[in-house]
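Below is one structure, written out as structure tokens; the observations come after it.
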Amino acid sequence: MSETNQQGCLFVGEGVLLKGSFEVPDIASISGTIEGDISAKKVIVEQTGIIRGKLTGETVDIRGEVVEYLSSTQSLIIRSTGKVSGAIHYSEIEIEKGGHIYGDLHLVG
């Protein structure tokens, strides 16, 4: 374990499945799977990460997969390995070559 204090952060490791609703005050880093709702200031969905449900955050960085609903109030980045499908609400978006997006796009702000 790291000696630095990660107060207010959630780290979901590869192979871990969490079900439910999660409110994270700071950073959520997802390498495993979340089925349900997650809200955080900054969300990083790693390459092996999957979120099935409602994802909301200020800054969202997608390397893995998000299915159903995504809302980013500041910055949404979909990396070359990222896949997003469903209702997507964003104020600023960047999609790297190879990144996939399917669904309804809604500009907010």
For this session: Evaluate the criterion side chain to side chain donor-acceptor pair (under 3.5 Å) for residue pair S39 and T56; output intermediate values, then yes/no.
Result: CA-CA 5 Å; S39 174; T56 57; 3.3 Å; yes
Between atom [atom1] of [X] and atom [atom2] of [Y], what is the distance when rounded to the nearest 0.5 Å?
X   : Y    : atom1 : atom2 : answer
R79 : R63  : CZ    : CZ    : 5.0 Å
T33 : K19  : OG1   : NZ    : 10.5 Å
E58 : T73  : CD    : OG1   : 5.0 Å
I88 : L105 : CD1   : CG    : 5.0 Å
K54 : S71  : NZ    : OG    : 8.0 Å
I44 : S29  : CD1   : OG    : 5.0 Å

For this session: Can you label the angle between the H89 ring and the Y69 ring as parallel, tilted or perpendicular, going by 30° and 60°?
Result: tilted
Looking only at heavy atoms, which two atoms of [X] and [Y] are closest? And how far apart?
X   : Y    : value
S80 : K97  : CB-O, 3.1 Å
L10 : I38  : CD2-CD1, 4.0 Å
S91 : L107 : O-CD1, 3.7 Å
P25 : G8   : CD-O, 3.4 Å
E65 : V45  : N-CG1, 3.9 Å

Exercise. Should the pair K42-D26 be classified as a salt bridge under the 4.0 Å nitrogen-to-oxygen rule?
Worked result: no
[X] versus [Y]: any side-chain heavy-atom pair under 4.5 Å?
X    : Y    : result
H100 : Y102 : yes
I30  : I51  : yes
I34  : V12  : yes
L76  : E92  : no
L70  : I62  : yes
I101 : K83  : no

Problem set entry | Heavy atoms of other groups near E23 CD, more than 12 under 6.0 Å | no
For this session: Answer yes or no: does atom CD of E96 have more than 12 heavy-atom neighbours from other residues, nucleotides or ligands under 6.0 Å?
Result: yes
For this session: Could you walk me through whether V16 and E14 pass side-chain contact (heavy atoms from CB on, under 4.5 Å), step by step?
Result: CA-CA 6 Å; V16 174; E14 190 173 346; over 6 Å; no
For this session: Without swapping roles, check the side chain of T48 against the backbone of S31 for a donor-acceptor pair under 3.5 Å.
Result: yes
For this session: State plainly whether one hydrophobic cluster holds both V67 and I78, where clusters connect Ile, Leu, Val, Met, Phe, Trp and Tyr through side-chain heavy atoms under 4.5 angstrom apart.
Result: no
Exercise. Same cluster for V60 and L18 if Ile/Leu/Val/Met/Phe/Trp/Tyr side chains link at under 4.5 Å?
Worked result: yes
Problem set entry | V43/L55 under side-chain contact (heavy atoms from CB on, under 4.5 Å): CA gap, chis, key distance, verdict | CA-CA 9 Å; V43 181; L55 164 62; 3.6 Å; yes
